[in-house]
Every structure is written in C-alpha cells, then in structure tokens.
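A short write-up of the structure that comes next.
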Protein chains: 2
Amino acid sequence: MGLTKTEIFTEEQNRLAGLLKAMAHPARIAILQQIIAAKSCICGDLVEELGLAQATISQHLKELKNAEIIQGTIEGVRVCYCINPETWKLLEKQFGAFMGAYKAETNCC
Amino acid sequence: MGLTKTEIFTEEQNRLAGLLKAMAHPARIAILQQIIAAKSCICGDLVEELGLAQATISQHLKELKNAEIIQGTIEGVRVCYCINPETWKLLEKQFGAFMGAYKAETNCC
DNA sequence: AAATACAATCGTAATATTGCGATATATATG
DNA sequence: CATATATATCGCAATATTACGATTGTATTT
C-alpha cells in the first residue's frame, strides 16, 4: 500500500488535511513567515535566509503553490510570491471550526 | 537525503510543523473529530466508524499520541483516548499567532 | 487455566517526501 | 546575439509514510 484512502473521507477532511500537510514542514513554515514579514517576497531572498539549496526552496514553493496557499506572479527576472488571501481565510475558518469543536470540559480521562 | 534539516530551524518552527504534520492526514482528522464528538472514545469504535483496518487505526493513534495531541488511559480491556488539553491549547495559540501574522492588506501581487 | 476480547506491534509492500547537483528555461542587460 | 541573473525542472539517493495481515500482549470471563 502506501496510498492514502481519500475516497473514504469527506471532501472537507481531505481538503483540511491537504492544507495542513502543505504547511507541515519547518522550511515551509519559515518560508511563509518570511513572505509575511517581507513587503517584497522573492525566491532568491529565501535561499539566502534559510540554509537550503535553491532547488529545495523552489520545490517547497511549488508545494505551497499547489495547495494554493501562496501565489506567484512573474516580475521581470524574478517571481514575487505572496499569500493567497482566499485560501488563508478558508484555512483559518476550517481549522478554527475544527479546533473550536473541542471544549476542555468534555475530557473523560 | 530524504531527511528534514531540523537543525537549521527554530524550536518553534519545528514544533509547530510537527503538530501540523500529526494532523495532516484525513484519517487523523476524522479520528480527532470522533474523539471530540464522542463522550467515550475507544479504538474499536473508530475501526467501525472509519473504513480502515485495526492495525492502521492503531498506528494513526500512536502518531497522535507521539505528538501529544491525544492521550490514552487504559480502561479495562479497552483504551480510552482523549484530547490532550495542554497541546490543544498550545496548538491553538501557536497556529493562531502564525496565521494572525498575515494581514490581507499587505499583499503586493 | 483456558477462552475471549481488544489493542499494540511486527514485517512487508507500495508510495511519498526531502534534499541536492545538474540542467533547462526565461528574462534582462551589454 | 551573447552573457548574466533568477527560477524551474529532472534525476537520483536516502528516508518517511500509509496500509494491512499476522502475531503478540494484556486484561476480563468462564
């Protein structure tokens, strides 16, 4: 095996899991923090900031882009990566609802 | 390779990534939802609810336990799994801070 | 003590992820 | 057009994840 059985879960469960998975790597957390912190946000800068090879950064950016967490627009030679506000909002909502469903009082053990 | 370079990231980035990773699977999302929804929360029930083998569920539970997202207490023959309130609180805080750092107005592209 | 019930672990196969060097591609600039 | 700069993609090796049957462990019943 080694293949997630997506068909037995709901669309929402799969989508939320996918978004979390895209963020579930320290390099991608760091990349997102850099993008948020910087006004301009370029791949090259990230390579200098983080201690990873250019190919590796590019791959992480691709994954974030596939999950639609970020979006990139070509700006001359460079590419400007930014947060995708739609997805960000969706994630905040979905994850918030998920986390909020638990009330500490409910604990039985 | 194939080994995440945890040493080049901060403790917080690694911890948050680890917690998200533990949740970044539809089966584990579903398991957590079940645990939250149910008053009692037992592995056997999960096997019936989700369409996965007992060994698979047990493995997912182990991962959630390793990440300290859930905790299990032995209750006779069964094991009662519950949310770990400490970790849940930590995750809400850390992820909240991370997500909140982004303001939609900051977008440049 | 034997049988039963529930959950954990082992072993294994299939697939995915991580990281990087090398190479390709695309856009400026001289 | 040649060259420099920035990013993407390819190909590969190492490791991790997902899933499950089979087995083992552990507590409760009979």
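Chain naming here is simple, since letters A, B, ... match the order of the sequence lines and numbering starts at 1 in each.
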From [options], pick the nucleotide closest to the side chain of [X]?
X	options	answer
B:K62	C:dT9, D:dA8, C:dA8	C:dT9
B:V77	C:dA5, D:dA8, D:dC20	C:dA5
A:K65	D:dA8, C:dA8, D:dA6	D:dA8
A:T56	D:dA6, C:dA8, C:dG19	C:dG19
B:A55	D:dC20, D:dA6, C:dA7	D:dC20
A:T4	D:dA8, C:dA7, D:dA19	D:dA19
B:V79	C:dA8, D:dA19, D:dT9	C:dA8

In whole angstrom, give the distance that lies between atom [atom1] of [X] and atom [atom2] of [N].
X	N	atom1	atom2	value
A:I57	D:dA6	CD1	P	15 Å
B:I42	D:dT26	CD1	P	20 Å
A:Q71	D:dT7	CD	C1'	18 Å
A:L61	D:dA6	CG	P	15 Å
B:D45	C:dA5	CG	P	16 Å
B:E63	D:dA19	CD	C1'	12 Å
A:I70	D:dA8	CD1	C1'	13 Å
A:R28	C:dA16	CZ	C1'	12 Å

Point to revise | Heavy-atom donor-acceptor pair, A:Q59 side-chain to D:dA8 base, under 3.5 Å | key: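 A donor-acceptor contact between them is absent.
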
**Study point:** Residue list, side-chain contact (heavy atoms from CB on, under 4.5 Å) with B:Q33, at least two apart or on another chain
**Key:**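 With neighbours one apart ignored, the set is A:Q13, A:F98, B:I29.
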
Please state whether the phosphate of [N], meaning OP1 or OP2, lies under 4.0 angstrom from any side-chain nitrogen or oxygen of [X].
X	N	answer
B:R78	D:dT28	no
A:H25	C:dG19	yes
B:K21	D:dA16	no
B:S58	C:dA7	no
B:H60	D:dT17	no
B:Y81	C:dA8	yes

**Study point:** Distance in Å, A:Y81 OH paired with A:E75 CD, rounded so as to fall on 0.5 Å steps
**Key:**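 If I round to the nearest 0.5 Å, the distance is 12.5 Å.
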
Practice item. Check the angle between the aromatic planes of B:H60 and B:H25 and answer parallel, tilted or perpendicular using the 30° and 60° thresholds. Key: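 The rings of B:H60 and B:H25 sit tilted, inter-plane angle from 30° to 60°.
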
**Study point:** Whether A:N14 side chain and A:T6 backbone form a donor-acceptor pair below 3.5 Å
**Key:**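 Between the backbone of A:T6 and the side chain of A:N14 there is a qualifying donor-acceptor contact (under 3.5 Å).
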
Exercise for review: Give one of base, sugar-phosphate or nothing for B:Q54, where a contact means two heavy atoms less than 4.0 Å apart.
Suggested key: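 Counting heavy atoms under 4.0 Å across all strands, the contact made by B:Q54 includes a base.
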
Review point. Counting any heavy atom closer than 4.0 Å, what does A:L52 reach on the DNA or RNA strands: base, sugar-phosphate only, or nothing?
Key: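 Sugar-phosphate, no base atom in range.
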
Check your understanding: Are more than 12 heavy atoms from other residues, nucleotides or ligands located less than 6.0 Å from atom CD1 of B:I74?
Key ->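 No, because the 6.0 Å sphere around CD1 of B:I74 holds 12 heavy atoms or fewer from other groups.
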
Check your understanding: For atom CD of A:E11, is the number of surrounding heavy atoms from other residues, nucleotides or ligands below 6.0 Å larger than 12?
Key ->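 For A:E11, atom CD is not crowded (no more than 12 foreign heavy atoms under 6.0 Å).
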
**Study point:** Of A:G51 and A:I74, the one whose closest DNA chain C nucleotide lies more 5'
**Key:**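 It is A:G51 whose nearest nucleotide is closer to the 5' end.
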
